[in-house]
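This report concerns only the one structure given below.
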Amino acid sequence: MTDSTHWTDDSIPFMQRVYAVVRLIPEGRVTTYGRIARFVGAGRSARMVGFALHNCPDDVSERAHRVVNRIGELSGGWSWGHPAIMRGLLEDEGITFIDEYQVNLDRHLWDPNEELDVDQPPPTK
DNA sequence: GCCTTGACGGCAA
DNA sequence: GTTGCCGCCAAGG
């Protein structure tokens, strides 16, 4: 395939790659910033992932609550106004928590590196 | 145009 | 095993 658009395509803005991954997060699953960063070829730039989501469009914001840090904690829960809102959304999707604001990654972790293929181009919305 | 901050992660001490 | 620092890249002041 002569796909000019793949996950590690340099012609695609980093933030846009992050948005694409977030949009593909299945309902009832969670992922981490580091996993996404590594998948898009950002390596250790997990910080950018969070920063990208801070300026994300509304459609991505709808799925951003499924993105947590490496320990499954609701890092910037206050970005939605209150972490309880985020927790409620996750619980409604069937996500279980090992703590008040810490999800059970061992049970719901969705790793793009495992579930997706770099050769499979994003929707490129 | 330069410096600081930022939804984090990994490694070193 | 825990705490702290540095690194990553981008955007705002």
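Below, read A as the first sequence line, B as the second, and so on, with proteins coming before strands; counting in each chain starts at 1.
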remark   = Here the distance between atom C1' of B:dA7 and atom CG of A:L90, to the nearest Å, is 14 Å
ask   = For DNA chain C, which nucleotides open and close the run of contacts to chain A, 5' to 3', at under 4.0 angstrom from a non-hydrogen atom?
value = C:dG7 to C:dA11
inquiry  = Without decimals, in angstroms, what is the distance between A:Y33 OH and B:dG6 P?
reply    = 15 Å
task = First locate atom CZ of A:R63, then atom CG of A:L89, and finally report the distance between them rounded to the nearest 0.5 Å.
result = 11.5 Å
inquiry  = Need to verify one output field. Residue with the more 5' nearest nucleotide on DNA chain C, A:M15 or A:A46?
reply    = A:A46
inquiry  = Donor-acceptor check, side chain of A:H108 to backbone of A:T96, threshold 3.5 angstrom: yes or no?
reply    = yes
inquiry  = Quick check on salt bridge (Lys or Arg N to Asp or Glu O under 4.0 Å): which of A:R70, A:R29, A:R38 does A:D111 satisfy it with?
reply    = A:R38
Measure all distances between protein nitrogen or oxygen atoms and nitrogen or oxygen atoms of nucleotides 2-5 of chain B, and list the pairs falling under 3.5 Å.
none

request  = Would you kindly compare A:T32 and A:M48 by the position of their nearest DNA chain B nucleotide and give the one closer to the 5′ end?
outcome  = A:M48
inquiry  = Students often get this wrong, so: under 4.0 angstrom with heavy atoms, is A:A52 touching a base, only sugar-phosphate, or nothing?
reply    = nothing
key: Interatomic distance, A:R87 atom CZ to A:L74 atom CG [nearest 0.5 angstrom]   = 8.5 Å
task = Specify the residue among A:R47 and A:F14 whose closest nucleotide of DNA chain C lies further upstream toward the 5′ end.
result = A:R47
query = Okay, side chain of A:R17, backbone of A:I12: is any donor-acceptor separation there less than 3.5 Å?
reply = yes
message = Would you say A:V22 ends up clustered with A:F51 if hydrophobic residues are merged whenever their side chains have heavy atoms under 4.5 Å apart, either directly or through other cluster members?
response = no
Upstream residue (5' side of DNA chain B) when A:R44 and A:C56 are each assigned their closest nucleotide = A:C56
remark   = To the nearest angstrom, the NE2-C1' distance between A:H54 and B:dC8 comes to 14 Å
ask   = Taking atom CG of A:N55 as the centre, does the number of heavy atoms from other residues, nucleotides or ligands within less than 6.0 Å exceed 12?
value = yes
task = Quick one: do A:E93 and A:R66 satisfy salt bridge (charged side-chain N to carboxylate O under 4.0 Å, His left out)? Show the steps, please.
result = CA-CA 10 Å; A:E93 294 181 2; A:R66 295 173 187 154; 2.8 Å; yes
ask   = What's the CZ-P distance between A:R38 and B:dC8, to the nearest Å?
value = 18 Å
inquiry  = Hydrophobic cluster membership, with links at side-chain heavy-atom distances under 4.5 Å among I/L/V/M/F/W/Y: are A:L109 and A:M86 in one?
reply    = yes
request  = Figure out the CD1/P separation between A:I36 and B:dA7, and round it to whole Å.
outcome  = 16 Å
